[in-house]
Amino acid sequence: MDADHGGRTGNEKKLAWPGVTDRLYPDQDPEAGPADELEAGPADEPEAGPADEPEAGADLPPSTDPESEGAASGSVLGPSAHRLGGGLAALSLPYQVAAALALSVIGLLACAHIAMIFLHVAPSNTLTKQHGEVVDDWVFPEFEQNWKLFAPNPLQQNISVHVRAEVADNGADGSSVTRWINLSRDDGESIRGNLLPSHVDQNELRRAWDFYTGSHDSENRPNGLRGELSELYIRRIVMLRLAEHGYGGTVERFQVRSAVRSVGAPPWSDEKISTRPEYKELPWWTVAPSDLPRTAAADQAAQAGQAER
């Protein structure tokens, strides 16, 4: 071959130790150049013959050229090589600003929500007295809490809701009053043994009754708008439950009562607790169109229109 792997021709001298030719020897002139350090003639260099050429298919040593290594490994540096890592640093500047603003808004909302929940469950203080309406508007109804942070008060009573109705006999002049129906027992039977009970059976009637009792005074007078809404809510629920029983007549009036029974003491306790129920009866309510489901209200309105004609 006319040139070796280093790119030299046959007339150029090949140094045995490249990189150490600038070392001075005792008998060497300091002003001598690298060409004068070691002289090797053509006779000192072995001639390249056919035996020195690599055979076809032989394994060649890996290349030590930095450019070839960088190209093979794909580590050529470019403008994108300065963006190291991921996350926000990998985004462009407009997207980084947008992401930072979104995270800031989410963080502020989370802090505000935690503060509102804390004020809702905390005892009465100056902030809750001044900004109680703002806190209630934020918490109710999605984030309502029925426990107190500093004074837990677990339920120690079983409360059930009963209803009876005055039903007009179809084709007769009189009416009859049904027996008391335990609506809470119906919900309990639907929940008991059910692996996936409905939230309607678990919470609808119970929460509606808590809403009613919490927004009325001891003489069943509503406390503002919430009291009126709670009354409409419990009346609609009761009428839906009565429609499921189907007494074969039109319900004209109904009455609701609650039965409160204290939880008995455990067998190992000496405490004496009365488990006799205490009843609280509400006045009779006359059925109004707003108390009925939409289909029943439409039918009743149609019947009233035909009667007037």
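- Arg179 places no side-chain N or O within donor-acceptor distance of the main-chain N or O of Arg164, the cut-off being under 3.5 Å.
- Closest of all the heavy-atom pairs between Ala208 and Ile234 is CB-CD1, 3.9 Å.
- The closest donor-acceptor contact from the side chain of Glu278 to the backbone of Val260 lies at 3.5 Å or more, if one exists at all.
- To the nearest 0.5 Å, the span separating CG on Leu292 from CG on Leu242 amounts to 10.5 Å.
- The two residues Met116 and Val139 come nearest to each other via the heavy atoms O-CG2, 4.2 Å.
- Between the side chain of Asp187 and the backbone N or O of Ser184, no donor-acceptor pair lies under 3.5 Å.
- Counting only heavy atoms from C-beta outward, the side chains of Val163 and Arg241 never approach each other to under 4.5 Å.
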**OP:** Check the pair Ile159, Lys280 against side-chain contact (heavy atoms from CB on, under 4.5 Å), reporting the backbone distance first and the verdict last.
**Re:** CA-CA 11 Å; Ile159 303 175; Lys280 178 183 177 180; over 6 Å; no
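- Between the side chain of Arg261 and the backbone N or O of Thr275, at least one donor-acceptor pair lies under 3.5 Å.
- Phe140 carries Arg226 over the face of its six-membered ring, with the cationic atom under 6.0 Å from the centre and within 45° of the normal.
- Proximity of Arg236 to Ser290: side-chain heavy atoms (C-beta onward) are separated by under 4.5 Å at one or more points.
- Shown here is Glu133, whose CD atom has no more than 12 heavy atoms of other residues, nucleotides or ligands within 6.0 Å.
- A heavy-atom distance below 4.5 Å is not found between the side chains of Arg253 and Val177.
- Residues Val134 and Trp138 share a single hydrophobic cluster, defined by chaining ILVMFWY side chains whose heavy atoms lie under 4.5 Å apart.
- Between the Asn182 side chain and the Trp180 main chain, no donor and acceptor come within less than 3.5 Å of each other.
- Not a single donor-acceptor pair under 3.5 Å links the side chain of Arg207 to the backbone N or O of Gln202.
- Taking every heavy atom of both residues into account, Ala265 and Glu271 meet most closely at CB-O, 3.5 Å.
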Original post:
Val287 and Thr250: side-chain contact (heavy atoms from CB on, under 4.5 Å), yes or no, with the steps?
Top reply: CA-CA 10 Å; Val287 177; Thr250 303; over 6 Å; no
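- Residues Phe211 and Leu229 approach most closely at CE2-C, 4.4 Å, considering heavy atoms.
- Between Phe143 and His113, the ring centre distance stays below 6.0 Å.
- Not counting sequence neighbours, His162 has no partner by the ring pair (Phe, Tyr, Trp, His ring centres under 6.0 Å) test.
- Using a 4.5 Å heavy-atom threshold, the side chains of Glu231 and Leu282 count as separate.
- Take Glu219 and apply the salt bridge (Lys or Arg N to Asp or Glu O under 4.0 Å) test, not counting sequence neighbours, and it matches Arg221.
- Atoms CG and CG, from Leu205 and Asp210 in turn, are 9.5 Å apart once rounded to the nearest 0.5 Å.
- Here the closest non-hydrogen pair linking Met239 and Asp291 is CB-O, 3.3 Å.
- Of the inter-residue distances, the one linking Trp284 atom CH2 with Gln255 atom CD reads 5.0 Å to the nearest 0.5 angstrom.
- In terms of modelled atom types and a separation under 3.5 Å, the side chain of Thr178 and the main chain of Ala165 share a donor-acceptor contact.
- Atom OG of Ser262 and atom CZ of Arg276 lie 12.0 Å apart (nearest 0.5 Å).
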**OP:** Take Val256 and Val161 through the side-chain contact (heavy atoms from CB on, under 4.5 Å) test and state the conclusion after the steps.
**Re:** CA-CA 7 Å; Val256 180; Val161 180; 3.8 Å; yes
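- In this structure, Tyr212 and Trp285 have perpendicular ring planes: the angle between them is above 60°, well past the 30° mark.
- Other residues, nucleotides and ligands contribute more than 12 heavy atoms inside 6.0 Å of the CZ atom of Arg257.
- Atom CD in Glu189 sits 13.0 Å away from atom CG in Asn194 (nearest 0.5 Å).
- The two residues Gln157 and Val263 have their closest heavy-atom pair at N-CG2, 3.8 Å.
- From Ser215, atom OG reaches atom CG of Leu225 across 10.0 Å, with rounding to the nearest 0.5 Å.
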**OP:** Before giving the answer on side-chain contact (heavy atoms from CB on, under 4.5 Å), spell out for Ser160 and Arg185 the whole-Å C-alpha distance, their side-chain angles and the decisive distance to 0.1 Å.
**Re:** CA-CA 7 Å; Ser160 57; Arg185 180 183 299 171; over 6 Å; no
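- The shortest distance between side-chain heavy atoms of Leu93 and Val97 falls below 4.5 Å.
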